[in-house]
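Written below as structure tokens is the structure these notes are about.
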Number of protein chains: 2
Amino acid sequence: MPGQTKQMAGGDQNGAVSQRVAGYLREAILSGEIVPGERIRQEDVAARFGTSRLPVREALRILEAEGLTEHHMHKGARVPRLDRHEVDVIYQMRERLEPLALAESLPHLGEEQFRRLEDIQARIEANTDIAEFLALDREFHLLTYAGCPIEHLSSMVVRLWNSTQHYRRTFMNLSGPARRWVVNAEHRLILDAVERRDAVDAERYLSGHIRRTRIELSRHPEAFEGGRV
Amino acid sequence: MPGQTKQMAGGDQNGAVSQRVAGYLREAILSGEIVPGERIRQEDVAARFGTSRLPVREALRILEAEGLTEHHMHKGARVPRLDRHEVDVIYQMRERLEPLALAESLPHLGEEQFRRLEDIQARIEANTDIAEFLALDREFHLLTYAGCPIEHLSSMVVRLWNSTQHYRRTFMNLSGPARRWVVNAEHRLILDAVERRDAVDAERYLSGHIRRTRIELSRHPEAFEGGRV
DNA sequence: ATGCGCCTTATTGGATCCAATACACCGTAC
DNA sequence: GTACGGTGTATTGGATCCAATAAGGCGCAT
């Protein structure tokens with residue numbers, strides 16, 4: 001499971017167009033270009049790709065099953081809004097699943113990944129831009145899971161990340177840089193345990209890291225008010 | 001989240017036909033009518049429903065995103081085979097997520113659900129048929145999660161159950177009834193904790209129950225050999 | 001001025017058809 | 001008799017079109 005968001009459906013390939021459309025929409029939702037509550041019109045997306053509505057419809061089915069859109073008969077697709085408790089529980093799901101993904105990944109990571117993780121973390125520490133931080137943070141974590149051979153687990157982890165991406169961004173925009181040192185310290189502890197191939201330590205640091213983020217996020221109810229259309 | 005398998009996609013409704021087709025295929029896969037490795041031809045399914053291929057294609061996209069089918073460009077859909085380690089990890093995922101679903105569900109369960117759970121467990125104890133046991137066992141567990149208000153968590157739990165259903169059935173067919181008393185004892189302990197609304201006990205008993213099943217299942221490599229087409 | 005009902009338009013669901021791709025079978029050659 | 005290549009068929013991906021549904025706007029009445 002590479003650092004970049006990969007198509008997560010079970011097969012490696014549906015129709016090329018529907019996969020590309022699904023990928024585009026997934027990225028648009030994750031980047032905030034399409035915000036919670038916003039409708040997605042099949043005709044608009046089809047026009048943007050110079051394609052017919054059919055691959056767009058298939059793409060929307062995929063995203064719906066991934067939890068990134070919700071559908072109502074004859075009403076079209078919309079990006080769902082999550083409330084604070086829903087996001088809190090999704091973070092608890094991450095708290096429980098990601099350490100398992102990390103443990104499954106560790107045996108399959110090598111020096112090449114360790115070097116890339118060191119580089120990413122150094123760039124996180126040097127960074128001052130929120131959007132870049134979000135991208136690097138995601139890349140850091142997903143790369144530690146990249147060695148996990150279980151597609152079900154990998155795809156669920158990515159799905160949980162995708163579901164909460166909007167709220168992570170909103171939360172980061174609300175917070176100042178004051179807590180960056182905590183994130184960096186935790187990342188360094190995780191990275192150290194990964195390089196030592198100490199699954200017990202790595203799982204514990206990671207679980208604590210996600211839990212701390214979850215609790216900080218839940219202290220910002222205003223992160224759940226935006227995105228209204 | 002009712003005991004019956006419910007359509008799990010984010011929206012409550014796509015086109016009625018594609019939802020019905022997805023539901024039918026899901027049931028066919030869960031019941032073993034379509035086994036791992038078997039191909040699913042769009043034309044065959046369309047003919048069975050007296051419909052065109054389009055809702056069938058949409059249904060297949062949904063199932064693929066649920067992990068129940070895998071797809072290759074121009075090759076059609078197939079139910080994937082899982083190996084012993086993949087099933088083992090999926091059970092570990094269940095071990096971690098289902099206690100969370102149970103904890104989220106508990107505050108919303110009432111006397112009506114408790115009565116139904118008692119009835120289901122009594123029928124499990126009186127039962128001697130494997131297929132019926134599988135159905136009742138699933139109904140028992142999913143009913144304890146029925147009060148969980150977080151759709152992401154509920155749908156992931158059902159998805160994990162669906163992914164391993166074939167191997168549970170194969171395993172039950174291989175085992176004798178000798179271990180039934182263990183299942184019943186664990187169910188009774190879970191039920192007692194649920195009725196006392198003791199989330200800590202309920203989570204612990206449930207986690208142990210799933211873990212024991214996982215370990216017993218992993219001791220039967222022959223459960224992973226069947227289903228070859 | 002506001003509310004309700006009706007009509008029209010926008011959007012989606014499904015059918016049909018055509019193009020493309022993959023696989024299987026048959027024929028020929030060695 | 002076996003292997004390889006070519007062709008045809010089966011199946012899927014996407015385009016187009018029609019039917020159905022929902023929502024919004026407009027007009028009329030109170």
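Letters A, B, ... are given to chains in the order of the sequence lines, protein chains preceding strands, and every chain is numbered from 1.
- Under the rule for a salt bridge (Lys or Arg N to Asp or Glu O under 4.0 Å), the partners of B:Glu216 that lie at least two apart in sequence or sit in another chain are B:Arg179, B:Arg212.
- Remark: B:Ile130 pairs with B:Leu134, B:Met172, B:Asn173, B:Arg180 by the side-chain contact (heavy atoms from CB on, under 4.5 Å) rule, at least two apart or across chains.
- Under the 3.5 Å distance criterion, with hydrogens and angles disregarded, no donor-acceptor pair is assigned to the side chains of B:His71 and B:Arg78.
- Counting to the nearest Å, the C1' atom of C:dT12 and the NE2 atom of A:His72 are 14 Å from each other.
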Show which side-chain atoms of residues 103-110 of chain B pair as donor or acceptor with protein atoms under 3.5 Å away, not counting sequence neighbours.
unit_1, atom_1, unit_2, atom_2, d
B:Glu104, OE1, A:His85, NE2, 2.7
B:Ser105, OG, B:Thr144, O, 2.6
B:Ser105, OG, B:Gly147, N, 2.9

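- Applying the salt bridge (Lys or Arg N to Asp or Glu O under 4.0 Å) criterion to A:Asp83, with sequence neighbours excluded, gives no partner residue.
- Remark: C1' of C:dC23 and NE2 of B:His74 are 13 Å apart, rounded to the nearest angstrom.
- Both A:Ser18 and B:Arg41 lie close to DNA chain D; mapped to their nearest nucleotides by heavy-atom distance, the more 5′-ward contact belongs to B:Arg41.
- The salt bridge (Lys or Arg N to Asp or Glu O under 4.0 Å) search around A:Glu203 returns B:Arg96, not counting sequence neighbours.
- Within the 4.0 Å cut-off from OP1 or OP2 of D:dG13, at least one side-chain nitrogen or oxygen of B:Gln42 is found.
- Summary of helix geometry: the two end axes of the helix from C:dA1-D:dT30 to C:dC30-D:dG1, each defined by five base pairs via their C1' atoms, are inclined to each other by 10° (rounded to 10°).
- Taking a 4.0 Å limit (strictly below) on heavy-atom distances, residues 50-60 of chain A reaches DNA chain C at A:Arg53, A:Arg57.
- Computed from coordinates, the B:Arg61 CZ to C:dG13 P distance equals 16 Å when rounded to whole Å.
- Distance, A:Arg20 CZ to D:dG13 P: 15 Å, rounded to whole Å.
- Across the protein-nucleic acid pair, B:Arg39 atom CZ and D:dA10 atom P stand 13 Å apart, rounded to whole Å.
- Each ring pair (Phe, Tyr, Trp, His ring centres under 6.0 Å) pair with one or both residues in residues 21-54 of chain B, not counting sequence neighbours, appears once here: B:Tyr24-B:Phe49.
- Under 4.0 angstrom from either OP1 or OP2 of C:dT12 there lies no side-chain N or O belonging to A:Lys75.
- Applying the side-chain contact (heavy atoms from CB on, under 4.5 Å) rule to B:Asp129 yields the partners B:Asn127, B:Ala131, B:Glu132; only residues at least two apart in sequence or on another chain are considered.
- Across every non-hydrogen atom of A:Trp161 and A:Asp137, the tightest pair is CH2-OD2, 3.8 Å.
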